[in-house]
Amino acid sequence: MAAAHRGLLSRRVVMRARVLVRPKAGILDPQGQAVERALPALGFTGASQVHVGRVIELDVEDEAQLPDMCERLLVNPLIEDYEIQRL
Amino acid sequence: MSVTSSRHRELGLTDSEYELILEGLGREPRDVELAMLSLMWSEHCAYKHSKRLLRRLPTEGRHVLVGPGENAGAVDVGGGLAVAFKVESHNHPSAVEPFQGAATGVGGILRDVFAVGARPIAVLDSLRFGDVTQSARSRYLLEHAVAGIGHYGNSIGVPTVGGEIYFEPSYEQNCLINAMCVGLAPRERLIRSAAAGPGNVLVLLGALTGRDGIGGASVLASAELGEGDADKRPSVQIGDPFAEKKLLECCLELLDRGLLVSLQDLGAAGLTSSASEMASKGEVGLDIDVSSVPLREADMEPFEIMVSESQERMLCVVEPERVGAVLEVCEHWETLATPIGQVTTSGRFRILKRGEVVGDLPVGLLVDDCPLYDLEPAAPEAPLYPGTPPVLASQATPAEVLLTLLASPNLASRRPVFEQYDPVVQSRTVRRPEQADAAVLALPDGSAIAVSIDGNGRRVACEPRAGAFEVVLECAANLACVGAEPLGLTNCLNFGNPEKPHVAWQLKEAVEGLSEACESLDVPVVGGNVSLYNESPDGPILPSPVVGMVGKLPDASRAGRLGFAREGDVIALVGPFQPAHTGSELAKLQGQAPAGRLPFKDVPAILDAQEKVRSMIRSQALQNAHDIAEGGIAVALAECCLAGGLGARVALPEGLDPFGEDLGTGFVVSGDPEALGDFPVIGRVEGKRLEIDGLLDVSVDKLQSAHSGGLDALLR
Amino acid sequence: MRVGVVRFPGSCDDVDALLAAERVGQTELLWHKDRDLHGVDAVIVPGGFSYGDYLRAGAIARFAPVMEEVVEFAAAGGLVLGICNGFQVLCEAGLLPGALLRNTSLKFVFRQVDLDVVDHDTPFTREAPDRLSIPVKHTTGRYYTPEPVRVVLRYATNHNPNGSQDDIAGVCNEAGNVFGLMPHPEHAVDPLTGSTDGLAIFESIKAHVGDLVQA
């Protein structure tokens, strides 16, 4: 019991997070448009509303820092939206 | 000792080559040794089938500072400055992954130039693809190769100032990506790659070592591409121009401070080839401990570390007391620097892992003992290359022929391509693409260097010796058009499988033609590259020698221009121009196969014409000068009209084929009637139409839409 | 008159900016790690690919130590000129409103373009004529802003190379002392290599600083 307790205390909690970054709606997304145009040319029909973004994955010790990391560096809030996922 | 295992065959070594290895080592090779030998003895590294032949090329010249055998050649351009340059191919990787293949091709040639101590100041590229009007794959390769070249060159801040692109069905399975770099250095900063000084430290600079390109050299470049090439994808190296920018500045500062004994870049076969070549040149031995090499992936084996082709790395030799200073400079430039070994007197290349020897080879076995093979050339008995379906009706009028030629992929404006390149960074560019026949870059003292890259496949296929001769003439003609005198030449020989007699014949003839031309022009070869095994089940590519030439002009402000400049100027045809239909673009559009003899070359008259054009551009007697190339004089006149935005009225000499070709021998020039005195005048610059008496009358606007639309439509 | 040019790892046109600025005054290279502007009268944040354009163009450069000084310098009214990548850095740093997005063509574009100078009342354009011919070279030059902005340069009709909003090529802050533009005036100062229209921007800076000194 005591050994297990000691084990819990000494283990640092590291969380793996994924940040999905998307172009903000309403701003022209030519990459998304290019992909949307290319799909039918390859024989895929029925794909629409294509948007191209970015994925950032990282290990963090303090997940409370993630929104700040996004706002200050990982994302440009003027032109991008983001979503944080715990992996 | 006998050959019992077949590991060596999987790595591309023949049984007899393996026998030689057993003899040279006195035992079976260990894994890391076998991997290293298989790469160093591959065609790409050892030039097994071409080395003997390349000895024919003339390499001496009064301006030569560094000849073939170093990372790049260099010539003296006066004012205490040297210009280093080289062209290299990256054909096979680009066929598999065109963006990264082309990008790392640029990265590699940049490193070759700063490895000799020169700051890269320009890039040019020669690209060849299949028929883009028919092949979606070739359009894909073109689009991504261009994007890759732009990505790397633009990001690292080296302008792409020129190039050429050709399309032929023959290149469908084997595209050609040849990248040339030109660099500038104070003469005293030029450095050689021979490792020296037993006890000196080997320091690895730059990126982490990963699994990029493992087996790349032997797997890709020494074998013809076949069906299963998608799984060769992991072998392609990924380039990082940002890392290379930092590496470049770091190396130049290390050289400026005199901190290095020698410097070598890591290219094909990575650490193995760089280190062993450094040791061989210096006649020393090397010890490398692979456990000190900084890795991107934790669990790499010694052989993987030794053959990795991870990009953006350099190897240098440093005196022990200077290592600290070297590390400081590297830290300033955020470039990783790690001592990984030392120079010894043993004459052997030893690979250690945490102090324990895991490989031990004589340096000579790696670098010098690879067998060289003689070619067995034999002229082909039947034509090798078919004609392509005609795109021109036989009753087409001359005007229709001209417009079709101008819109054709080989002649149309390359603006959609070169707009993806930055031609001005570093503030030296005096002539940008489409402004003149050669790129012109200003030097600090007011003089300038001119650079052109030219190749040919179709005409070399007709007659390899004469065709290759023409390639050199055309390159020199391009330099003459801006007023430059050639100083030196670099070449890339792109051919099929040299073990086949007809390809061996093409190669031998082409090298002979190149050599004869260099001798006639007194231009030495200072370095180059060979790319063989460019074949598919359909046969070899058109034999495609590519030549890059550097020249000098005394006054940058007087560099020549391509376009007609002023209404009223008279137009003259200069040079012993003897155009013929054989091997021309028109013949191709009419469906004819490349075959037949090329026009005889009157060398003294050609030299005389080039000299006249050069000196009259320098004296500003000429307003423009443009050499007549593909498409003949009609296309050349149209190009002068398009570049100048002015029309012309011209009468061609009796019997002169308006679309016939004779590369490197004829020039269209214009200027004051008094200035042009002796030259045969054929017309005047005037109006907004191109009128060739008795032949055609087309508005410049119409020429413009044909010319500018040609490639645009294909790249959308 | 002393002009400082910032150099980040990956800056390319810093050398060209230094050459151009040398035509109107003395120059100083400002290394990204140094928190010292060496008392210059104007700062140029140059073109290139600082930090490889990784994450977003200019996103990492804005946090360089030297940029803290540049922000303070701007707040105190100092002249700051951001060219191309420099413009991207200034937007990321919040010294200018808006952001630069990928060109609508998705490709890098080099082109000599005509620009209309629509605001002559800035230290950077006071000596400029109404039209300038200057090259652009970028992949990410499409200007976007949801807020009102002081537009200084617009691409002339049919000359917009990247799809930027309202053909905007260059903007400044309300006070007019911070100016960002995508075209490269430092590549239009030498008749040997092209047009010399870009010189007007450097001459304007010189004239402005000259007035300040006299005042």
Side-chain angles (χ1 to χ4, degrees), chain B residues 119 121 143 146-161 239-250 331-335 415-433 435 440-444 446 448 555-559 715-716, chain C residues 7-23 31-34 46-55 57 60-61 64 83-85 103 105-113 134-140 161-162 183-184 186-195 198:
Chain B
R119 172 177 291 280
I121 62 169
E143 188 187 331
V146 167
I149 290 165
H151 165 70
Y152 211 102
N154 301 342
S155 303
I156 200 174
V158 177
T160 299
V161 299
D240 179 354
F242 175 53
E244 186 140 310
K245 168 75 166 161
K246 293 187 286 187
L247 179 64
L248 189 167
E249 297 299 341
C250 180
E331 201 191 313
H332 176 82
W333 288 105
E334 298 178 6
T335 293
R415 186 169 293 272
V417 168
F418 67 68
E419 277 199 337
Q420 296 183 53
Y421 306 144
D422 173 358
V424 299
V425 63
Q426 297 193 38
S427 297
R428 293 192 183 85
T429 310
V430 174
R431 292 290 176 264
R432 302 173 189 173
Q435 290 182 340
V440 178
L441 299 153
L443 295 178
D555 186 345
S557 66
R558 293 178 169 208
L715 283 176
R716 290 228 174 278
Chain C
R7 172 177 287 169
F8 302 107
S11 290
C12 298
D13 301 76
D14 47 342
V15 175
D16 310 86
L18 284 167
L19 284 172
E22 270 159 27
R23 288 167 182 262
W31 183 242
H32 68 108
K33 282 197 174 132
D34 292 338
F49 290 79
S50 60
Y51 300 94
D53 268 9
Y54 291 149
L55 189 62
I60 299 175
I83 303 171
C84 196
N85 186 222
N103 300 345
S105 67
L106 297 176
K107 293 183 182 167
F108 180 95
V109 60
F110 170 85
R111 201 174 292 162
Q112 189 85 12
V113 297
I134 295 186
V136 297
K137 51 198 190 85
H138 55 255
T139 312
T140 310
N162 52 45
H184 285 258
E186 78 283 19
H187 286 292
V189 297
D190 185 353
L192 194 58
T193 58
S195 117

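A, B, ... follow the sequence lines: proteins, then strands. Residue 1 opens every chain.
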Between C:V109, C:V15, C:V189, C:D14, which residue shows the highest count of heavy-atom pairs closer than 4.5 Å to chain B? C:V109
Most heavy-atom pairs under 4.5 angstrom with chain B, which of C:T139, C:D53, C:T193, C:D190? C:T193
Reported [atom1]-to-[atom2] distance for the pair [X] and [Y], which is rounded to 0.5 angstrom:
X: C:Y54; Y: B:D240; atom1: OH; atom2: CG; value: 3.0 Å
X: C:H138; Y: B:D422; atom1: NE2; atom2: CG; value: 12.0 Å
X: B:H151; Y: C:F108; atom1: NE2; atom2: CZ; value: 12.0 Å

Which atoms of [X] come close to chain C, meaning under 4.5 Å heavy atom to heavy atom: side chain ones, backbone ones, both, or neither?
X: B:A147; answer: neither
X: B:Q420; answer: both
X: B:T429; answer: backbone
X: B:R415; answer: neither

Checking C:F110 against B:N154 for the side chain to side chain contact (heavy atoms under 4.5 Å, CB included) test, could you report, in this order, the C-alpha distance in whole Å, the side-chain angles of both residues, the deciding distance, and whether it holds? CA-CA 10 Å; C:F110 170 85; B:N154 301 342; over 6 Å; no
Under the side-chain contact (heavy atoms from CB on, under 4.5 Å) test, which residues partner B:E331, sequence neighbours left out? none
Checking side-chain hydrogen bond (donor to acceptor under 3.5 Å, both in side chains) between B:E419 and each of C:K107, C:K137, C:R111, which is the one that passes? C:R111
Between C:D16 (side chain only) and B:Q426 (backbone N and O only), is there a donor and an acceptor less than 3.5 Å apart? yes
Name the region of [X], side chain, backbone, both or neither, that has any atom closer than 4.5 Å to a heavy atom of chain B.
X: C:S105; answer: neither
X: C:Y51; answer: both
X: C:L19; answer: side chain

Determine, stepwise, if the pair C:Q112 / B:R432 fulfils side chain to side chain contact (heavy atoms under 4.5 Å, CB included). CA-CA 11 Å; C:Q112 189 85 12; B:R432 302 173 189 173; 3.0 Å; yes
Greatest number of heavy atom pairs closer than 4.5 Å to chain C - which of B:Q435, B:K245, B:R428: B:K245
So, for C:F49 and B:F242, is the gap between ring centers shorter than 6.0 Å? no
